[in-house]
Amino acid sequence: MQLHIVARGKIGRSPEAELVDRYLRRIQWPTRMTELPDTGGKVPELSGSTRIVLLDETGENLPSRVLAERLGAWRDDGVREARFLIGAADGFEDADRAQADLLLSFGRATWPHMLARAMLAEQLWRATSILANHPYHREG
């Protein structure tokens, strides 16, 4: 299953971009990153077997193990792509939220899109490492 991050705004050459790249390179699953302008732009076409995850302040604050279990279940059910959307400064419309398979939150704080990308990339690495029984993740 491909893990695809679609993010509004440009991260450019920055420490955050290096951090995102570092985590995405560690993931053994296929990954893809698509950047879009704050408004407009061509959103990559969806396949019939895609799950949509919106990073949204109203979403669920899932423990890493639960996110891993969700990704593993989707993979095992034949889902071809899990697409993670990071919105622009004003977030998502209610219609976008209604069409998502999962609304995911990294807590009640508002995060800049560059940090949200880095946090998402790390959580995807962590989730796939949990599924692979890699020792990176520790619960205590």
Side-chain angles (χ1 to χ4, degrees):
M1 180 172 73
Q2 181 178 67
L3 303 174
H4 185 179
I5 299 172
V6 178
R8 293 279 176 188
K10 300 293 183 182
I11 199 168
R13 294 175 56 108
S14 65
E16 296 87 355
E18 290 176 22
L19 191 56
V20 169
D21 289 340
R22 180 182 309 157
Y23 284 117
L24 291 181
R25 280 193 312 264
R26 292 179 183 177
I27 298 172
Q28 297 298 309
W29 298 16
T31 61
R32 181 175 174 197
M33 171 72 76
T34 301
E35 284 190 331
L36 298 172
D38 286 339
T39 59
K42 181 157 174 56
V43 176
E45 212 170 296
L46 291 172
S47 74
S49 181
T50 300
R51 295 295 178 267
I52 302 295
V53 180
L54 296 185
L55 269 67
D56 190 86
E57 63 187 7
T58 67
E60 295 179 65
N61 189 3
L62 298 179
S64 298
R65 185 163 298 282
V66 174
L67 178 59
E69 290 167 358
R70 182 84 48 101
L71 291 177
W74 288 345
R75 177 201 59 198
D76 295 347
D77 287 343
V79 172
R80 304 295 296 157
E81 176 185 352
R83 185 173 291 188
F84 297 83
L85 304 177
I86 300 174
D90 293 328
F92 295 101
E93 301 290 328
D94 288 338
D96 297 321
R97 288 185 191 98
Q99 292 178 355
D101 296 290
L102 173 64
L103 298 178
L104 180 63
S105 173
F106 288 141
R108 297 185 61 160
T110 301
W111 295 99
H113 73 91
M114 290 190 297
L115 288 180
R117 281 191 217 190
M119 291 167 38
L120 176 58
E122 190 281 338
Q123 282 298 293
L124 294 176
W125 155 240
R126 184 176 296 274
T128 58
S129 72
I130 289 169
L131 293 171
N133 294 313
H134 187 280
Y136 177 70
H137 178 71
R138 296 180 192 97
E139 288 189 36

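Positions are given from 1, in the same order as the sequence printed here. Note that the structure is a prediction, hence the values are computed from the model and not measured.
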Query - Flag side-chain contact, heavy atom, 4.5 Å: Asp94 against Asp96 - result: no
Query raised in the report: Hey, what do you get for NE2 (His4) to OG (Ser47), rounding to the nearest 0.5 Å?
Result: 11.0 Å
Query - Min side-chain heavy-atom separation Thr128-Gln28 under 4.5 Å - result: no
**Report entry** Derivation of the side chain to side chain contact (heavy atoms under 4.5 Å, CB included) call for Arg65 and Arg126
**Finding:** CA-CA 9 Å; Arg65 185 163 298 282; Arg126 184 176 296 274; over 6 Å; no
Report task. Decide yes or no for Met1 and Trp29: does some side-chain heavy atom of the first lie under 4.5 Å from some side-chain heavy atom of the second? Result -> yes
Report task. Would you mind reporting whether Leu120 and Trp111 have side-chain heavy atoms less than 4.5 Å apart? Result -> no
Query raised in the report: Can you check whether Ser64 reaches Ile130 side chain to side chain, under 4.5 Å on heavy atoms?
Result: yes
Report task. Starting at OG1 of Thr50, measure out to CD of Glu45 and round the result to the nearest 0.5 Å. Result -> 10.0 Å
Report task. Output the distance between atom NE2 (His113) and atom NZ (Lys10), rounded to the nearest 0.5 Å. Result -> 10.5 Å
Report task. Nearest 0.5 Å please: distance from the CD atom of Glu18 over to the CD1 atom of Ile11. Result -> 10.0 Å
Requested in this report: Could you tell me whether the side chain of Arg83 reaches within less than 4.5 Å of the side chain of Val43, counting heavy atoms only?
Outcome: yes
Report task. Mark yes when over 12 heavy atoms from residues, nucleotides or ligands other than Asp76 sit less than 6.0 Å from its CG; otherwise mark no. Result -> yes
Query raised in the report: Less than 4.5 Å apart, any side-chain heavy atom of Leu19 and any of Asp21?
Result: no
**Report entry** Asp77 side-chain N/O to Val79 backbone N/O, donor-acceptor pair under 3.5 Å
**Finding:** no
Query - salt_bridge(Glu93, Arg97) N-O dist < 4.0 Å - result: no
Query - For the student: nearest non-hydrogen atoms of Ala68 and Ala127, plus distance - result: CB-O, 3.5 Å
Query raised in the report: Does Ser49 reach the main-chain N or O of Arg80 with its side chain, forming a donor-acceptor pair under 3.5 Å?
Result: yes
**Report entry** Under 3.5 Å: donor-acceptor pair, side chain of Thr34, backbone of Pro44
**Finding:** no
**Report entry** Verdict with reasoning, Arg117 to Glu35, per salt bridge (charged side-chain N to carboxylate O under 4.0 Å, His left out)
**Finding:** CA-CA 11 Å; Arg117 281 191 217 190; Glu35 284 190 331; 2.6 Å; yes
Query raised in the report: Could you give the distance from CZ (Arg26) to CD (Glu122), rounded to the nearest 0.5 Å?
Result: 8.5 Å
Query - Shortest non-hydrogen contact between Gly59 and Ser105, atoms and distance - result: O-CB, 3.4 Å
Report summary line: From the list Leu62, Leu71, Leu104, Leu67, side-chain contact (heavy atoms from CB on, under 4.5 Å) partner of Gln123 resolves to Leu67
Query raised in the report: Taking the side chain as C-beta and beyond, is there a heavy-atom pair between Thr31 and Leu124 under 4.5 Å?
Result: no
Report summary line: Between the CZ atom in Arg32 and the CD atom in Glu81, the distance rounded to the nearest 0.5 Å is 7.0 Å
Query - Transitive ILVMFWY side-chain link Val66 to Phe84, under 4.5 Å - result: yes
Query raised in the report: If Ile, Leu, Val, Met, Phe, Trp and Tyr residues are connected whenever their side-chain heavy atoms lie under 4.5 Å apart, and connections chain through other members, are Met33 and Leu36 in the same group?
Result: no
Query raised in the report: Do Ile86 and Phe106 share a hydrophobic cluster, counting only Ile, Leu, Val, Met, Phe, Trp and Tyr and linking them when any side-chain heavy atoms are less than 4.5 Å apart?
Result: yes
Report task. Verify, without hydrogens or angle tests, whether Asp56 (side chain) and Leu103 (backbone) share a donor-acceptor contact under 3.5 angstrom. Result -> no
Query raised in the report: Is Phe92 reachable from Leu46 through a run of I, L, V, M, F, W or Y residues, each pair having side-chain heavy atoms under 4.5 Å apart?
Result: yes
Requested in this report: Examine Leu3 and Leu131 and state if one hydrophobic cluster contains both, with Ile, Leu, Val, Met, Phe, Trp and Tyr joined whenever side-chain heavy atoms are less than 4.5 Å apart.
Outcome: yes
